[in-house]
Colleague: 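Got a structure here, written out as C-alpha cells. Questions coming.
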2 protein chains.
Amino acid sequence: MQEKSNRPYHHGDLRRTVIETAQQMLQEEKGWQFTLREVARRAGVSHAAPYKHFPDKSALLAELAALGFDQLRSEIAGALERPLRSARAEFVAAAKTYVQFGTANPSLYRLMFSGDVDKAAHVKLDEAGAGAFAELTGIIERGQASGAFKKHPVRGQAAAAWALAHGFTMLTIDGQLMAEKVGAKPLDAALMSMLEGLET
Amino acid sequence: MQEKSNRPYHHGDLRRTVIETAQQMLQEEKGWQFTLREVARRAGVSHAAPYKHFPDKSALLAELAALGFDQLRSEIAGALERPLRSARAEFVAAAKTYVQFGTANPSLYRLMFSGDVDKAAHVKLDEAGAGAFAELTGIIERGQASGAFKKHPVRGQAAAAWALAHGFTMLTIDGQLMAEKVGAKPLDAALMSMLEGLET
DNA sequence: TCTCCTATGTTGACAGTGGCAACTTGTGGG
DNA sequence: CCCACAAGTTGCCACTGTCAACATAGGAGA
C-alpha cells in the first residue's frame, strides 16, 4: 500500500518475532530451507532487519535447533516426573517421548541433527548430546542400581539406547518404517529387543 | 582465456562428468549444498548445460543418493558373501559395514537420508529402505531358522536393527558419540545389547 | 552423399537469495 | 537537552536456479 505501515519504526520485539516466524516456516514445505528474506517479509520488516539480531541465517537456525533441544529435554523430563514403577517403564517412557517429539516435529528434528547448523554458534547445541545422553545414562544407572538391568558399561548402553531412539525417529520421519513393511507397532518391538538385552 | 577451449562443442559424456564432479564436491565443506553452477564450471561447460541431462538440481541430488544406496547395498552384500559361522557374526558384519559406510561418507550418507531429495524423482530411493531392510530381514530370518535368534516378529526385529545402525551412524557423523563420552567401542557395546535381545 | 531431426551445447535473462555498507529513526541515559 | 547507541531502512553486490532462444554437431534415413 502506498500508505505507510502503521507499525512504528522500531519493532520493539523483532528478535522474538523472527524466531517465531521461522518456527512457523519450519512447519512448511521447505522446512529449514526457508529464506531469511521471507521471514523478514512476514515479520513486516525490511530484509536487512534480522541482521541486527542474528549475525547470519545460520545463527537463526542454530537458535531454532537449541530451542528444539530445550523442548525435547523438557518433554523427556516431564515423562519421567511421574513416579514410575520400574526401570523398564522409565526406559520406555523416555524412549517413546523422544520418538514422539521427533515425529511430531519432523523439520525441527531434522534441523536439530543436521550438519548445517553451526554448532560453534550456540552453546546449547554442544549440550544437545549431553542432555539426551544424560537422561538415558541416568535411567540405565538407576536400572543397574536396582538390579533390573545387567551391569554392563553404562555409557555404551546409553549410546545404544540413544542410537535406537534417534535412528527410529529419523527413519520414521523419512517414511521408511511404514506399517505394511515393519508391522503395526515397530517401536514397541524395537524397545522390547533393546530391553531384552538390558534386563537381567 | 581468450583462446577457445580445446574441448569440442559436444562434451560427449557430460552426464557422467556432472555426476562425478558432484560426488567430489560432496566431500567438500558444503556437502550436498554445492551449487550446480560450480559443478558446471568444474566440468568445463556452461551453467545451463547440466539442464540437458538433469531436469533440475534436485534430480542430480537424487541420482547421487541412489548411487549411495547402490554402494551401501553392495558393501553389505560383500560383507555377507564370505561364509560366516553364525547368525551373530552375520548380524555384526552387516551392522559394522553399514556404520562404516556411513561414517566414511558422511555427506553422502546425510544426503541419502535427507528429506531434501525428491524421492519421487528416482525409483532407487523408493528401494532404499527395501534394500537395507531386506538384508536385515534375511539375517534375522536365517538366525531364527537356525535357532540362534528368538522367534519374535521378524520385521519388528529388523526395524530395530536398522534403527540402531542408522541412529548410530547419524550420531557418529554428528560427532555426538565421542569416545570420552561413550567409551572406546560404543558400536560393539550397542551391537551386544541388541544381540542379547535377539539371541536365545 | 545429402537432408533433416534430435541431442546437446551456449548465451542471455529473470527473479530471487545472503549479507554488507551507509543512512535514518528512535530510545534511553547522563 | 544532547549524545551515543540500538534498531530500523535502502541500496547494492555477487551469486544462485532455471528458462528460452539460439548454435552446433551427430546420426538416421532416403
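By convention in this document, chain letters (A, B, ...) are assigned in the order of the sequence lines, proteins followed by strands, and residues within each chain are numbered from 1.
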Colleague: What are the 5'-most and 3'-most nucleotides of DNA chain D lying under 4.0 Å from any heavy atom of chain B?
Modeller: D:dT16 to D:dA25
Colleague: Side chain to side chain contact (heavy atoms under 4.5 Å, CB included) with B:Ala89: which residues, sequence neighbours excluded?
Modeller: B:Leu84, B:Ser86
Colleague: Of all the nucleotides listed (C:dT10, C:dG18, C:dA13), which has the minimum atom distance to the side chain of B:Arg37?
Modeller: C:dA13
Colleague: Excluding sequence neighbours, so at least two apart, what forms side chain to side chain contact (heavy atoms under 4.5 Å, CB included) with A:Ala94?
Modeller: A:Ile76, A:Leu80, A:Ile139
Colleague: Return yes when atom NZ of B:Lys151 has more than 12 non-hydrogen atoms of other residues, nucleotides or ligands closer than 6.0 Å, and no otherwise.
Modeller: yes
Colleague: Between B:Thr35 and B:Pro55, which residue's closest nucleotide on DNA chain D lies nearer the 5′ terminus?
Modeller: B:Thr35
Colleague: For residues 26-33 of chain A, dump all side-chain donor-acceptor pairs below 3.5 Å to protein atoms at least two apart in sequence or in another chain.
Modeller:
from	atom 1	to	atom 2	distance (Å)
A:Glu28	OE1	A:Arg42	NH2	3.0
A:Glu28	OE2	A:Arg42	NH1	2.8

Colleague: I'd like a table of donor-acceptor pairs (distance under 3.5 Å, sequence neighbours excluded) in which one partner is a side-chain atom from residues 47-55 of chain A, with atom names and distances.
Modeller:
none

Colleague: In whole angstrom, what separates A:Glu38's CD from C:dG19's C1'?
Modeller: 18 Å
Colleague: Does any donor atom in the side chain of A:Gln24 or A:Glu20 lie under 3.5 Å from an acceptor atom in the other side chain?
Modeller: no
Colleague: What is the distance, rounded to the nearest whole Å, between atom NE2 of B:His47 and atom C1' of C:dA15?
Modeller: 14 Å
Colleague: Measure the distance from CG on A:Asp56 to P on C:dT17 and round it to the nearest whole Å.
Modeller: 17 Å
Colleague: Atom pairs, N/O to N/O, protein against nucleotides 5-9 of chain C, distance under 3.5 Å?
Modeller:
from	atom 1	to	atom 2	distance (Å)
C:dG9	OP1	B:His11	N	3.0
C:dG9	OP1	B:Gly12	N	3.3
C:dG9	OP2	B:His53	NE2	2.6
C:dG9	O5'	B:His11	N	3.4
C:dG9	O6	B:Lys52	NZ	3.3
C:dG9	N2	B:Tyr9	OH	3.1
C:dG9	N3	B:Tyr9	OH	2.5

Colleague: Ignoring hydrogens and angles, state whether a donor on the side chain of B:Glu196 or A:His152 is under 3.5 Å from an acceptor on the partner side chain.
Modeller: yes
Colleague: I need the B:Leu164 CG to B:Ser193 OG distance, nearest 0.5 Å.
Modeller: 8.5 Å
